[in-house]
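Proteins come first, then strands; the chains are lettered A, B, ... in the order of their sequence lines, and each starts at number 1.
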Amino acid sequence: MFVAKIKVKLKSSVLDPQGQTVRKTLNEMGYDIIPDVRIGKYIEVQIDTKDRSEAEKIASEVSQKILVNSVIESQEIEVLEK
Amino acid sequence: MKVIVITFPGSNCDRDLGKAFQSSFGAKVEYLWHKERISGMPDWVLLPGGFSYGDYLRCGAMARFSPAMESLVEYHEKGGRVLGICNGFQILTEAGLLPGALIANKTLKYICKKVEIGSNYPGLEGNYKIPIAHGEGSYFASDNVLEEWEGEGRILVKYSQNPNGSLRDIAGICSVSRRVFGMMPHPERATLEHLGEMDGKIFLQRLVQLS
């Protein structure tokens with residue numbers, strides 16, 4: 001069994017109002033040291049195989065097909081054996 | 001006129017949209033569950049507003065893998081015409097039938113109000129007062145797409161006062177084929193006199209008359 005840990009990030013060209021609101025609050029709390037916050041999502045996908053290369057192939061396939069929208073998002077995938 | 005309205009789990013404007021076409025054009029309306037496929041060649045296939053699949057993952061992301069959507073691609077290739085409103089527009093972008101994406105409103109608020117939209121699209125020229133109701137209606141696309149769509153006249157409608165942060169005030173666009181239309185405002189909610197606003201009916205009348 002493998003687990004794919006997929007970090008989905010909004011591309012830098014895409015406005016992130018959620019991140020900006022959190023950044024503003026942090027600045028108001030006194031954290032002037034924080035100039036920017038970007039909020040993304042984290043997805044864990046379990047893949048039932050013994051073959052690492054198959055697990056990696058499936059992880060990148062499902063990211064491309066549905067988990068990530070390449071128009072607005074980019075991803076980092078890490079595949080670990082469970 | 002024969003139209004098909006595709007209903008996804010979580011669609012909630014399907015009946016409004018069907019009724020609007022029925023009352024405005026005397027259309028024969030068929031409601032198609034997302035597990036079914038489109039048969040024949042209706043004049044229009046309509047994708048309604050709502051929250052298909054609970055808006056999980058991203059708005060419209062899951063709906064595109066339904067049998068109804070697969071058959072919609074074939075229907076479009078055979079020359080069919082498609083209109084997606086609100087969540088329907090989000091589904092069309094996720095399915096790649098229209099470019100770009102709809103992201104969270106700049107204000108982070110769900111906006112439900114009447115807005116003015118304007119069109120320079122041949123046959124649709126004019127201003128219309130039409131309601132919007134969305135949390136994720138801010139249109140985003142790459143600069144190349146925006147340039148091309150604007151240059152080729154494929155922008156359907158723009159907001160007179162941008163409510164949500166949409167790039168270039170875009171409220172709706174059409175495809176290269178000019179047979180797939182997507183918009184965030186709800187013309188079907190402005191088609192009955194007793195509801196106070198009729199601009200949606202005028203807009204839809206002009207849209208269905210486009211060649």
Would B:T93 and A:V71 count as a side chain to side chain contact (heavy atoms under 4.5 Å, CB included) if you check the C-alpha gap in whole Å, the side-chain angles of each, and the deciding distance to 0.1 Å?
CA-CA 10 Å; B:T93 61; A:V71 175; over 6 Å; no

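The environment of NZ in A:K24 is sparse: at most 12 heavy-atom neighbours from other residues, nucleotides or ligands sit within 6.0 Å. Other residues, nucleotides and ligands contribute more than 12 heavy atoms inside 6.0 Å of the CD atom of B:E116. The neighbour count for B:Y56 OH, taken as heavy atoms of other residues, nucleotides or ligands under 6.0 Å away, does not exceed 12. For A:Q64, the CD atom counts as loosely surrounded, since its 6.0 Å shell holds 12 or fewer non-hydrogen atoms of other residues, nucleotides or ligands.
Heavy atoms of A:E73 lying under 4.5 Å from chain B belong exclusively to its side chain. Neither the backbone nor the side chain of A:K11 comes within contact range of chain B; no heavy atoms are under 4.5 Å apart. With a threshold of 4.5 angstrom between heavy atoms, B:L57 approaches chain A through its backbone and through its side chain. Heavy-atom distances place the backbone of B:N105, and not its side chain, under 4.5 Å from chain A. No part of A:L10 comes within reach of chain B, as not one of its non-hydrogen atoms sits under 4.5 angstrom from that chain.
When all heavy atoms are compared, the tightest approach of A:P17 to B:A104 is CG-O, 4.1 Å. The heavy-atom pair separating A:I72 from B:A101 by the smallest distance is CG2-CB, 3.8 Å.
To the nearest 0.5 angstrom, A:L15 atom CG is 6.5 Å from B:K106 atom NZ.
Under a 3.5 Å cut-off, the side chain of B:R58 and the backbone N or O of A:I66 do form a donor-acceptor pair.
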